[in-house]
Number of protein chains: 2
Amino acid sequence: MHGELMPGEHLTLRGLAEEYGLSMTPVREAVRRLSTEGALALTATGRITTPELDAARIEELAVLRSLIEPELAARALPRAHFALIDRMNAINSSIAEAAVKGDACRYIRHNLEFHRALYLRAQAPAMLAVIETVWLQLGPTMRRLYEEQSRQVPPRAHRVMLAALKAGDEPALRLAVKTDVTRGLRHLLGQEGAG
Amino acid sequence: MHGELMPGEHLTLRGLAEEYGLSMTPVREAVRRLSTEGALALTATGRITTPELDAARIEELAVLRSLIEPELAARALPRAHFALIDRMNAINSSIAEAAVKGDACRYIRHNLEFHRALYLRAQAPAMLAVIETVWLQLGPTMRRLYEEQSRQVPPRAHRVMLAALKAGDEPALRLAVKTDVTRGLRHLLGQEGAG
DNA sequence: ATGGCGCCATTGTGATCACAAGTGCCGCCG
DNA sequence: CGGCGGCACTTGTGATCACAATGGCGCCAT
């Protein structure tokens, strides 16, 4: 899952097959699928590795998030009732828990769950599918981002998102989502000024 | 390729294997891959069909295009030199040719080639990959859209795009791309007012 | 000692096979 | 004559096998 593999590792079909107690065939299909989604990469010779993303690629993916996620949030807004906000609050607490424990994997997972909980309400499966593949590609990077920042609290943009949701304020929500999604990228991307 | 299959058709692994002179294994992988990209759909029991898109899904995909493609165009703009514009003009002629011949398949293909030629200049492979999967999913719909409109000329938005490119006018380019991408959707989506 | 060459193990690809689940059809019974 | 049950065929899944290419390792020559 998200954040469990470090970039640059290299895997083998037979190894994965044994690890999961399967034959090569299903493993191959899974690997090919993941590689089309960008979660894995196949070298020209067919070796399987976790892709090493360069800064340009990361910036692109972040821009994709900043383009699509505010739209998803805006579409979810009219359908967001109290139960959803409660649930997002709960997830936010889980994020805080993972943060103080320094559990990168859970932190990342809960973070995405926070966003997904909202976007599920958008009734936009195609957009959700696209953004999930973007998340998948960002997985290793998010882990590194987390480790370099070693946060102790949930992102403050999350609280802003929740406030905008309660207020039914679409522009504020769009902005908060975009802020959250872009958070930390200046740090990770260095000086190159990410669009 | 794009626009060759009508929605609702159903395919078999063995049929495709024979058709392409391959074994089932590579065909299976290709089908699985295409299904994760949304170009094909697997029923719960595993049957392979070309997905029947409802209006909501089409609207989502169109919005994805309208979010991402202007960004790609804007990124390509500073790098668009005369050779590119010439090439796009040539492709536009091919579109016109296919239009008068009523060749839906070539029309669609050249249309996408027109966009791709521009976006390739954006140096944004991740975004390009995402938009290509969106195109793939829209394939069958684009064909139906073409057949219902039976155009005789290339979209006028294409000319506006070329003009904006020559002028180096980013806002105009973004708008032209968005217009082109949204073209015809009101017609296809009926009265529901596509965002 | 080190760099280049060649061999061997590793690894992905494609093919074929056995199996299980599903579908559609045909016949039987009401 | 129509509805229902069972059977055969179709079809996807998973496993195993043969092969080709690649990468790594050791050996030899300089």
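Each chain gets a letter, A, B and so on, in the order the sequences are listed, and its residues count up from 1.
Contacts of A:T45 with the nucleic acid, taken as non-hydrogen atoms under 4.0 Å apart, involve only primed sugar atoms and P, OP1 or OP2. Within the 4.0 angstrom heavy-atom criterion, base atoms lie near B:T25. At a threshold of 4.0 angstrom between heavy atoms, the contacts of B:R28 include nucleobase atoms, whether or not backbone atoms are also involved.
First and last contacting nucleotides of DNA chain C toward chain A (any atom under 4.0 angstrom from a heavy atom, 5' to 3' order): C:dT11 to C:dG14.
A donor-acceptor distance shorter than 3.5 angstrom exists from the side chain of B:E60 to the backbone of A:A126, with no hydrogens or angles considered.
One atom, CZ of B:R47, and another, P of D:dT10, lie 12 Å apart when rounded to the nearest Å. Between B:E19 atom CD and D:dT11 atom C1' there is a gap of 17 Å when expressed in whole angstrom units. Between the P atom of D:dG23 and the NE2 atom of A:H10 lies a distance of 10 Å, rounded to the nearest Å. If you measure from atom CG of A:L42 to atom P of D:dG23, you get 14 Å, rounded to the nearest angstrom.
Fit an axis to the five pairs at each end of the helix from C:dA1-D:dT30 to C:dG30-D:dC1 and the two axes sit 0° apart, to the nearest 10 degrees.
The neighbour count for B:E18 CD, taken as heavy atoms of other residues, nucleotides or ligands under 6.0 Å away, does not exceed 12.
Residues A:W135 and A:M142 come closest through the heavy atom pair O-SD, 4.4 Å. For the pair A:R79 and A:R121, the tightest heavy-atom approach, listed with the atom from each and the gap, is CD-O, 2.8 Å.
Closest-nucleotide positions on DNA chain D for A:S23 and A:T43 were compared, and the one nearer the 5' end corresponds to A:S23. Residues B:L22 and A:I48 both approach DNA chain C. Their nearest nucleotides, taken by heavy-atom distance, put A:I48 toward the 5′ side. Two residues, B:G46 and A:R14, neighbour DNA chain D, and the one matched to the more 5' nucleotide by heavy-atom proximity is B:G46.
Looking at heavy atoms from C-beta onward, B:L64 lies out of side-chain contact with B:V130 at the 4.5 angstrom threshold. Counting only heavy atoms from C-beta outward, the side chains of A:L42 and A:R47 never approach each other to under 4.5 Å.
To the nearest 0.5 angstrom, A:R33 atom CZ is 12.0 Å from A:L40 atom CG.
A salt bridge between B:E52 and B:R57 is absent, with no side-chain N of the basic residue lying under 4.0 Å from a carboxylate O of the acidic one. Between A:E113 and A:R109 there is no salt bridge, since no side-chain nitrogen of the basic residue lies less than 4.0 Å from a carboxylate oxygen of the acidic one.
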